[in-house]
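Below: the structure, in structure tokens.
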Amino acid sequence: MVRADRPRPRGQDKRKDERAAPPRRRGREEMIDVQLLRTEIDAVAKRLATRGYTLDISGFRALEEKRREIQTATEQLQSQRNALAKQVGQAKSKKDEAQAAALMRQGAEFGEKLKEMEADNAAVQEKLREFVSLIPNLPHASVPVGSRPEDAVEQRRWGEPRKLGFQPRDHVDIGAGLGGMDFDTAAKLAGARFVVMKGAVARLHRAIAQFMLDTHTTEHGYTEVYTPYMVSSACADGVTSLAKFKGDLFKIEDRDLYLIPTSEYSVTNFVRDEIVPLEKLPLKFVCHSPCFRSEAGAAGKDTRGMIRNHQFDKVELVHIVHPDKSYEALESLTAHAEEILKRLELPYRVVTLCTGDMGFQAAKTYDIEVWLPGQNAYREISSCSNCEGFQARRMQARFRNEKGGPELVHTLNGSGLAVGRTLIAIMENYQRADGGIDIPAALLPYMGPLKVIGPAR
RNA sequence: GGAGAGGUGACGGAGCGGUUGAACGUGCCGGUCUCGAAAACCGGAAUACGCGCAAGCGUAUCGUGGGUUCGAAUCCCACCCUCUCCGCCA
């Protein structure tokens with residue numbers, strides 16, 4: 001995937017050795033950068049409009065003008081104060097107490113006024129920061145423009161839905177028949193949208209995660225990581241807008257902690273406030289974790305079974321890469337996720353999400369959809385996104401570039417894959433007429449003696 | 001949970017409340033020397049933001065947030081984190 005216009009490295013712009021090239025413009029289209037808003041707000045607004053976001057241009061301009069005013073004035077005053085304080089020091093070191101006293105009296109007059117201005121300044125800066133932090137990422141030029149999920153563009157299909165020769169059941173019926181999935185007990189424990197798995201089904205669930213981890217670590221070059229299942233608000237705001245999405249998260253009472261809705265939240269933040277040495281890139285992590293989502297806006301949607309639960313397991317892939325390499329990385333990350341489905345021999349298709357359907361932080365997203373006979377449809381099982389420098393800017397995640405200057409990394413993440421949905425896909429695609437399920441060949445090494453999971457009697 | 005110690009730049013480690021963005025060392029980059037290298041010597045090098053066409057100037061940053069002061073890495077308060085000891089516990 002080649003970018004229409006490549007992002008220009010930022011951060012080393014003040015270097016003296018910059019050739020006689022025309023005055024550099026800041027980073028082009030890679031992220032919501034205040035600089036970009038200042039210099040090219042109309043173009044930015046236009047791009048954001050394609051994803052259904054209306055940028056308040058005049059609001060920004062007003063805020064920005066106010067900021068400029070207050071910041072300049074404040075810094076001037078600070079500068080005066082500093083100069084005066086320095087003079088006091090000089091006078092004192094010369095033992096000129098009278099002079100020092102006079103200067104100190106002068107300085108005392110700054111006190112209140114400066115304090116006020118600094119407060120005003122902080123307030124404006126915060127307002128501006130908040131404004132900017134609510135703006136979603138700019139879509140990449142290759143992303144199809146559209147507003148509805150159906151505007152996604154199919155890239156490819158793999159595999160043929162197998163002919164079962166009988167009316168397929170969905171995973172809920174199959175699971176109940178096997179005595180391996182128990183939604184009633186789950187409801188007793190925690191309410192709706194949870195599951196209890198038992199016996200061979202629970203084992204199959206575990207096997208799936210193991211298989212994915214093994215494949216990604218030994219064949220795709222990922223480092224396995226285990227992380228906290230809760231992160232601070234700062235980390236949550238690093239990967240997305242916490243202000244916008246906190247309703248989708250479970251918060252720990254009385255603590256500044258949120259249950260992770262995906263380990264993207266914990267893993268991507270490994271590099272927050274870091275400057276990664278160039279030679280360490282790319283970083284590729286794989287993390288198996290539970291994911292917790294409140295599904296606040298999903299009332300009535302996918303209520304049956306474990307398609308959309310408050311808690312599910314996922315094997316997540318995260319790349320931290322050089323900006324020049326992030327679109328290559330997106331292809332490879334997506335291919336790694338696809339490889340799992342191929343080995344499990346589950347039919348799927350890959351679509352490019354349209355501008356209006358992408359997540360807040362994504363510049364480009366491929367969804368992988370697996371075939372579910374019980375629903376007679378392709379359903380999302382993985383979502384692979386390049387966030388470019390968007391999260392990196394929020395996290396202050398940088399690397400030291402070829403010129404020795406710090407520059408934002410690009411971050412990517414994708415499910416490789418959602419474990420619960422993979423289980424569903426296996427159950428529905430490998431179901432037998434007798435109500436049992438065959439175990440995919442790739443998983444046999446993880447299932448002990450089992451080759452089939454048979455119906456309970 | 002109780003008692004104590006501590007958080008300074010890539011790292012180690014100084015820092016009487018006053019030209020300290022921060023000594024010194026290591027590492028790093030450039031140079032001298034060398035056939036090369038090592039050693040030695042000389043020099044350079046933080047990050048973010050603002051103003052400026054630019055040269056440059058300014059502001060902020062010594063765990064975080066407040067406070068005292070003309071002036072805070074240095075003093076006070078709160079919080080966070082790390083380490084040691086004790087207790088408790090999967």
Side-chain angles (χ1 to χ4, degrees), chain A residues 9-27 31 33-39 63-129 132-133 228-235 237 252 254-257 269 271-280 389 392-409:
Chain A
R10 301 195 52 233
Q12 75 288 3
D13 10 88
K14 300 250 157 101
R15 306 232 133 203
K16 299 180 166 91
D17 60 2
E18 281 288 296
R19 49 243 56 201
R24 64 114 240 299
R25 281 292 195 206
R26 303 288 190 125
M31 62 208 97
D33 176 355
V34 222
Q35 298 299 341
L36 210 54
L37 289 178
R38 290 182 187 138
T39 55
L63 204 54
E64 172 62 8
E65 194 180 325
K66 200 167 153 205
R67 185 229 98 224
R68 183 186 303 253
E69 224 169 80
I70 296 179
Q71 182 172 343
T72 310
T74 306
E75 290 183 356
Q76 254 172 35
L77 208 59
Q78 285 171 327
S79 173
Q80 286 171 35
R81 186 233 12 225
N82 290 347
L84 203 65
K86 206 173 251 187
Q87 285 177 43
V88 175
Q90 283 165 348
K92 287 226 173 187
S93 70
K94 283 190 215 137
K95 304 274 185 218
D96 189 346
E97 291 302 329
Q99 169 77 349
L103 288 165
M104 279 161 65
R105 241 174 289 120
Q106 242 186 85
E109 287 167 23
F110 276 102
E112 282 313 303
K113 195 170 160 209
L114 189 55
K115 205 172 278 183
E116 232 171 81
M117 287 189 75
E118 281 174 342
D120 285 355
N121 187 37
V124 173
Q125 301 280 1
E126 175 54 24
K127 241 185 189 163
L128 197 63
R129 195 204 60 77
V132 174
S133 81
Y229 297 153
M230 306 172 206
V231 295
S232 67
S233 55
C235 288
D237 202 57
I252 306 298
D254 299 328
R255 312 245 359 207
D256 180 38
L257 288 172
N269 275 289
V271 290
R272 88 176 285 105
D273 290 323
E274 294 283 333
I275 298 178
V276 183
L278 181 63
E279 63 273 15
K280 289 261 179 74
R393 159 160 282 114
R394 291 170 160 261
M395 297 186 299
Q396 279 307 297
R398 295 166 295 172
F399 71 103
R400 207 160 283 287
N401 67 21
E402 295 80 349
K403 287 181 170 176
E407 187 179 338
L408 296 172
V409 295

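Just so we're on the same page: letters track the sequence lines, and every chain starts at 1.
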Does Asn269(A) reach the main-chain N or O of Cys235(A) with its side chain, forming a donor-acceptor pair under 3.5 Å?
-> yes
How close or far is atom P of rG65(B) from atom CD of Glu126(A), stated in whole angstroms?
-> 12 Å
Gln80(A) atom CD: more than 12 heavy-atom contacts under 6.0 Å | yes
Min side-chain heavy-atom separation Ile252(A)-Met230(A) under 4.5 Å | yes
How far does the P atom of rU19(B) sit from the matching atom of rU74(B), given to the nearest Å?
-> 14 Å
Does Asn82(A) put a side-chain nitrogen or oxygen below 4.0 Å from OP1 or OP2 of rA60(B)?
-> yes
Rounded C1' spacing from rG6(B) to rG12(B) in Å = 16 Å
Can a donor-acceptor pair be found between the side chains of Glu75(A) and Gln71(A) at a distance below 3.5 Å?
-> yes
For Glu118(A) and rG65(B), what is the distance between atoms CD and P respectively, to the nearest whole Å?
-> 13 Å
Sticking with atom C1', work out how far rA45(B) lies from rG27(B), rounded to a whole angstrom.
-> 12 Å
Distance below 4.0 Å between Arg67(A) side-chain N/O and rG50(B) OP1 or OP2 | no
Report the distance from atom CD of Gln76(A) to atom C1' of rU59(B), rounded to the nearest whole Å.
-> 11 Å
Using atom CZ of Arg398(A) as one end and atom C1' of rU47(B) as the other, report the distance to the nearest whole Å.
-> 6 Å
Rounded to the nearest 0.5 Å, how far apart are CD of Gln78(A) and CD of Gln76(A)?
-> 10.5 Å
Residue met sooner reading RNA chain B from 5', once Gly89(A) and Ile275(A) are mapped to nucleotides = Gly89(A)
For Lys86(A) and rU19(B), give me the distance from atom NZ to atom C1', rounded to whole Å.
-> 5 Å
Mark yes or no for a side-chain to base donor-acceptor pair under 3.5 Å between Glu75(A) and rG58(B), with no hydrogen or angle criteria applied.
-> yes
When you compare rG15(B) with rG63(B), how far apart are their P atoms, in angstrom units rounded to a whole number?
-> 15 Å
Atom C1', compared across rG67(B) and rG17(B): separation rounded to whole Å | 15 Å
Any side-chain N or O of Arg81(A) less than 4.0 Å from the OP1 or OP2 oxygen of rA60(B)?
-> yes
Establish, with yes or no, whether the OP1 or OP2 oxygen of rU68(B) is under 4.0 angstrom from a side-chain nitrogen or oxygen of Lys115(A).
-> yes
How far does the C1' atom of rC89(B) sit from the matching atom of rA10(B), given to the nearest Å?
-> 40 Å
Indicate whether any N or O donor in one side chain lies under 3.5 Å from an N or O acceptor in the other, for Gln396(A) and Glu274(A).
-> no
Comparing Arg68(A) with Arg400(A), nearest RNA chain B nucleotide closer to 5' gives the residue Arg400(A)
Glu64(A) bridged to Arg67(A) by N-O distance under 4.0 Å | yes
Write down the distance between CD (Gln78(A)) and C1' (rG71(B)), rounded to a whole number of angstrom.
-> 13 Å
Whole angstrom is fine here: how far is it from CG in Asn121(A) over to P in rA60(B)?
-> 11 Å
Whole-Å distance between rA48(B) C1' and Arg394(A) CZ?
-> 18 Å
Could you tell me whether Glu118(A) and Lys115(A) have a side-chain N and a carboxylate O separated by less than 4.0 Å?
-> no
Is RNA chain B part of any stem, that is, at least 3 consecutive Watson-Crick or G-U pairs with both distances under 3.5 Å, and where?
-> B:1-7 with B:80-86, B:10-12 with B:24-26, B:28-32 with B:40-44, B:46-51 with B:56-61, B:63-67 with B:75-79
C1' spacing across the pair rA39(B) / rC33(B), given as an integer number of angstrom | 11 Å
Output the single nucleotide from rU47(B), rG58(B), rC70(B) whose closest atom is nearest the side chain of Ser79(A).
-> rG58(B)
Between Asp256(A) and Ser232(A): side-chain donor-acceptor atoms closer than 3.5 Å | no
Would you tell me if any nitrogen or oxygen in the side chain of Gln35(A) comes within less than 4.0 Å of OP1 or OP2 on rG50(B)?
-> yes
Sticking with atom C1', work out how far rA5(B) lies from rG58(B), rounded to a whole angstrom.
-> 40 Å
